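Only one structure is covered here, and it is reproduced in the block below.
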Amino acid sequence: MGGLKGRDLLSLADLSTDEMKDLLDLAAQLKAGKIRPRAEVDGHVPVLGLLFYKASTRTRVSFSTAMYHLGGQVLDLPLHATQVSRGEPIADTARVLDRYLDVLAIRTFDQQDLKVFAEYAQIPVINALTDLEHPCQILADLQTIQETFGGLSGLTLTYLGDGNNVAHSLLLGCALVGMNVRIAAPEGFQCDSAIVEQAREIANGNSDILLTSDPIEATTGTHVLYTDVWASMGQEDLAESRIPVFQPYQINDDLLSHADKDAIVLHCLPAHRGEEITNEVMEGSHSKVWDQAENRMHAQKALLASLLGAV
Ligand code: CP
Ligand code: NVA
């Protein structure tokens, strides 16, 4: 593959279809143990910084483990431990971290802050979740779908819930690989129209994009049912008031009965059982959530290896 050496991944729209396919193939090879790349930058062991303004289990640990497997090192930089928390400008922090690190993954709120980091740091900057997108999650999701169905193009994915970061990256990722995508969200919680437009441009008529408030319409015959929490990080105060609004979008056995008989169920996790998904579905035979979580590590190892020029 050509590789993504030196690039940033702020949005899935930063990737071409071929680059996405190459990353997914690489992730599958890494998972199967067919290749074991070692990363090196200018003769030294590369260092990944994790600058996280929000909590994380999967992203933090899967990135760290992936980097260790590549022979690299990891520096965990929770916001409170840095001068960013005391108001040091992002542009200054970015220029300094650039001098020490080889790659930087950032989890923050505003996509614009991520863009400032990327503008001022020359090293690869990775979006480890913002309020707008969660591209690394969708790399693992597509890997999970591909390994289940043996391909991606022509399949249909249905996302039920809040039309924010995960839904946005699913729109872009599915469009890139030729999957149909349906988003079922309550009125007022649909996806950002600019992202929908971007996804339609990427799909270029090769796959369908449906936005609806009807969960059954969105689920009928689908191959992948996907959900996320109803109140994201930073929205904890809204959680109670959202429950009745989002209740019709819960993935339960009744809704699942409208999907294809071989449909799989995905959740980026953490899950709130009894809210966006029932315990029965989470633990049931259609659920692939643990493989999906495992694939975070393989997919991000592929991404890191590519950004660091190790493949
Ligand atoms: N899915 C996901 O990004 O999980 P964490 O918030 O635990 O990293
Ligand atoms: N939408 C969720 C995703 C968590 C991985 C959030 O932003 O909190």
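Every heavy atom of this structure was used, including side-chain atoms; hydrogens, water molecules and symmetry mates were not. Each ligand, and each atom within it, is numbered from 1 in the order the structure gives. All figures in this text were calculated on a predicted structure; none of them were measured in a lab.
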Any N or O of L129 closer than 3.5 Å to N or O of ligand 1:
no

Close N or O approach (M233, ligand 1; < 3.5 Å)
no

Heavy-atom contacts with L269 under 4.0 Å: which atoms of ligand 2 show up? List them by number with element.
5 (C)

Name the one of Q111, Q198, E133 that satisfies side-chain hydrogen bond (donor to acceptor under 3.5 Å, both in side chains) with S11?
E133

Strictly under 4.0 Å, does any heavy atom of K54 approach an atom of ligand 1?
no

Test your reading of the structure: does N165 have an N or O sitting under 3.5 Å from an N or O of ligand 2?
yes

N/O to N/O below 3.5 Å, does that happen between R58 and ligand 1?
yes

Atom indices of ligand 2, in the order listed, that fall short of 4.0 Å to a heavy atom of L129:
3 (C), 4 (C), 5 (C), 7 (O)

Starting from atom 1 (N) of ligand 2, which protein heavy atom do you reach first, and at what distance in Å?
D228 OD2, 2.6 Å

Answer yes or no: does an N/O atom from S232 fall short of 3.5 Å to an N/O atom of ligand 2?
yes

Looking at ligand 2, does any of its N/O atoms fall within less than 3.5 Å of an N/O of C268?
no

Could you pull out all residues at least two apart from K31 that satisfy salt bridge (charged side-chain N to carboxylate O under 4.0 Å, His left out)?
E147

Donor-acceptor pair between H286 and D262 side chains, under 3.5 angstrom
no

Would you say R107 and ligand 2 have an N/O pair spaced under 3.5 Å apart?
no

Please determine if K54 and D131 form a salt bridge, counting it only when a charged side-chain N lies under 4.0 Å from a carboxylate O.
yes

